[in-house]
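Worth knowing before you read on, the calculation uses all heavy atoms, side chains too, and leaves out hydrogens, waters and symmetry mates.
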Amino acid sequence: MRLATTAPGKLEFTMSIQENAATSTASRSAYFPATRIAVSALFLLNGTYMGAWSTKIPEFASRLSLSETQLGLMIVGFGIGSIILMPLAGILIAHLGASRSLKAATLIFLPTLVLLSIAPNVWTGAGALFLFGGLTGAMDIAMNANAVEVEKSMRRAIMSSCHAFWSLGAFFGATTGGFLIETIGTFGHALLLTVIALAALAAVWTSILPDKPHAAEGRQKARLPLTPLPWLIGLMALFSMIPEGSILDWGALYMRDELGASLALSGFAFGAFSATMAIMRFAGDHVRDRLGAVTTLRVSTLLAIVGMVIAGLAPNAYVAMAGFAVCGIGISNMVPIAFSAAGNLPGFAQGVALSVATVMGYSGSLFAPSTIGFIAEHTSFAWVFSTLPILLLVVLLLSRHAVHADVRHKD
């Protein structure tokens with residue numbers, strides 16, 4: 001046999017290579033292991049709650065007799081809750097690990113939809129909305145951190161598809177919420193969704209990828225970073241999410257008021273954007289595995305810039321809609337790459353670095369649209385959409401830092 005004529009040293013070396021190759025292949029062979037299904041399900045769950053909340057807003061405002069201004073202030077409370085509890089969640093992850101933090105945050109978050117549905121007055125409503133915003137933010141930090149851990153264990157990108165599941169959940173929650181509220185009432189809707197969500201959480205509970213608590217690391221590094229790198233990645237997330245929030249809040253108004261679109265057609269501003277975003281988020285992991293995070297981010301940013309310029313300079317609503325669709329292709333994978341990079345930064349407690357990027361990113365979609373509305377009132381939405389690419393150019397300049405998103409491929 002050939003094996004008998006092989007020198008022992010060469011045999012051992014050959015077997016070592018074969019074993020390493022087999023290990024590498026095995027580590028990437030299972031495309032949808034239970035751990036990935038679990039974290040994807042939690043993204044879907046969180047998105048469903050956000051979509052369901054959007055259908056509850058009119059009833060919530062009516063029940064508490066809120067004016068538009070008062071409702072706006074209440075929704076700011078949602079954002080403040082997120083901004084406050086997200087960093088705390090990051091510190092908790094550094095001390096307890098992502099999996100335990102995710103389980104705790106999800107378990108506490110799920111009943112808050114019921115609290116929003118039974119709040120009898122402004123003060124209890126404000127408290128419930130603060131908790132809802134804060135705990136969804138805490139869950140968001142933890143599930144992104146867990147997705148980073150799953151990426152490392154699988155040695156392949158999954159973050160974009162996780163965010164795609166969030167988008168699907170938001171779509172599902174928004175499209176079913178109104179029907180369920182009309183059929184079984186606002187409390188019945190919240191109770192049904194909570195029971196289903198708790199059952200889903202129980203189903204994936206044991207499949208959530210465990211990670212070891214980093215107690216020593218948490219004591220040493222669970223504080224706001226003093227070096228610029230996490231903040232630069234956070235800036236990338238921020239400048240990626242401001243255009244997204246702007247299209248969500250102002251795209252339809254721009255098409256209707258400045259481009260003469262009908263009410264029905266104007267709704268396709270965000271529809272075209274979100275459709276291409278969801279599709280590309282499912283495809284984005286494959287692209288990122290092939291091209292690497294830096295190249296993917298640069299190509300994505302260039303597409304987002306082109307799409308936003310087309311939308312801002314559009315002569316009619318159809319061209320603007322096409323521009324928003326191209327922008328959705330670009331922006332779809334920018335934030336997931338930024339979050340993966342933050343979660344993999346060397347020398348930082350994962351939860352803390354990730355919380356910096358997440359808080360900065362989501363603050364863009366929570367607070368920037370109101371500023372943009374003020375600017376547009378004194379200029380035009382066409383001018384706003386034409387100049388937002390300046391922010392995306394900053395992302396392009398910082399794109400080299402996305403290299404940290406590919407750390408999972410290293411031995």
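Between N333 and S160, the shortest heavy-atom contact is OD1-OG, 2.6 Å. Shown here for A261 and A317, the closest heavy-atom pair between the two residues is CB-CB, 3.7 Å. Across I331 and A304, no two heavy atoms sit closer than the pair CG1-CB, 3.8 Å. The heavy-atom pair separating L192 from I184 by the smallest distance is CD2-CD1, 4.0 Å. Contact between R288 and P336 at its shortest, heavy atoms only, is NH1-O, 4.4 Å. Annotation for H189 and A52: closest pair CE1-CB, 3.8 Å, computed over non-hydrogen atoms.
Atoms CZ and CG, from R281 and L168 in turn, are 10.5 Å apart once rounded to the nearest 0.5 Å. Once rounded to the nearest 0.5 Å, the distance linking CZ of F109 with CG of L45 reads 7.5 Å. Note: L191 CG to I196 CD1 = 10.0 Å, rounded to the nearest 0.5 Å. Rounded to the nearest 0.5 Å, atoms CE (M334) and CG (L392) are 5.0 Å apart. Note that CZ of F385 is 14.0 Å distant from CD1 of I310, once rounded to the nearest 0.5 Å. Distance check, rounded to the nearest 0.5 Å: OG of S340 to CD1 of I158 gives 8.0 Å.
Side chain of T183 to backbone of L180: no donor-acceptor contact under 3.5 angstrom is found. At least one donor-acceptor pair closer than 3.5 Å links the side chain of E258 to the backbone N or O of A382. Not one N or O on the side chain of S101 forms a donor-acceptor pair closer than 3.5 Å with the backbone of A98. Using a distance-only test at 3.5 Å, with no hydrogens or angles considered, no donor-acceptor pair links the side chain of S207 to the main chain of A38. In this structure, the side chain of Y254 engages the main chain of A311 through a donor-acceptor pair within 3.5 Å. At least one donor-acceptor pair under 3.5 Å links the side chain of S399 to the backbone N or O of L396. Between the side chain of T387 and the backbone N or O of V384, at least one donor-acceptor pair lies under 3.5 Å.
Residues satisfying the salt bridge (Lys or Arg N to Asp or Glu O under 4.0 Å) test with R298, not counting sequence neighbours, are none. Contacts of E59 classified as salt bridge (Lys or Arg N to Asp or Glu O under 4.0 Å), with partners at least two apart in sequence or in another chain: R63. Taking T48 as the reference, L44, F172, L193 meet the side-chain contact (heavy atoms from CB on, under 4.5 Å) condition, with sequence neighbours excluded.
A 4.5 Å side-chain heavy-atom check between V39 and L209 finds every atom pair outside the cut-off. Side-chain atoms of N146 and S99, non-hydrogen and from C-beta on, do get closer than 4.5 Å to each other. Between L42 and M139, some side-chain heavy-atom pair lies under the 4.5 Å cut-off. Side-chain contact between L113 and F132: present, with at least one pair of heavy atoms (C-beta onward) separated by less than 4.5 Å. Counting heavy atoms from C-beta on, the side chains of T301 and L393 never come closer than 4.5 Å. Here the side chains of M159 and I337 are not in contact, with every heavy-atom distance at 4.5 Å or above. Looking only at side-chain heavy atoms (C-beta outward), I141 and I93 come within less than 4.5 Å of each other. Side-chain contact between F381 and M255 is absent, with no heavy atoms from C-beta onward closer than 4.5 Å.
Below 30°, between 30° and 60°, or above 60°: for H163 and F43 the angle between ring planes is between 30° and 60°, a tilted geometry. Classified by interplanar angle (parallel below 30°, tilted 30° to 60°, perpendicular above 60°), the ring pair F282/F165 is perpendicular.
Among residues at least two apart or in separate chains, there is no side-chain hydrogen bond (donor to acceptor under 3.5 Å, both in side chains) pair with a member in residues 307-326. A ring-ring contact (aromatic ring centres under 6.0 Å, His included) check over residues 143-162, counting only residues at least two apart or in different chains, returns nothing. Screening residues 114-141 for side-chain hydrogen bond (donor to acceptor under 3.5 Å, both in side chains), with sequence neighbours left out, gives N46-T136, K56-S117, N121-T124, D140-N144, D140-Y362.
The one candidate from V309, L302, V306 that meets the side chain to side chain contact (heavy atoms under 4.5 Å, CB included) condition with P389 is V309.
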Going through the checks in order, is the side chain to side chain contact (heavy atoms under 4.5 Å, CB included) test met by L229 and H404?
CA-CA 11 Å; L229 187 53; H404 298 287; 3.7 Å; yes
Checking side chain to side chain contact (heavy atoms under 4.5 Å, CB included) for the pair F130/I84: CA distance, chi angles, key distance, verdict?
CA-CA 10 Å; F130 176 88; I84 290 176; 3.9 Å; yes
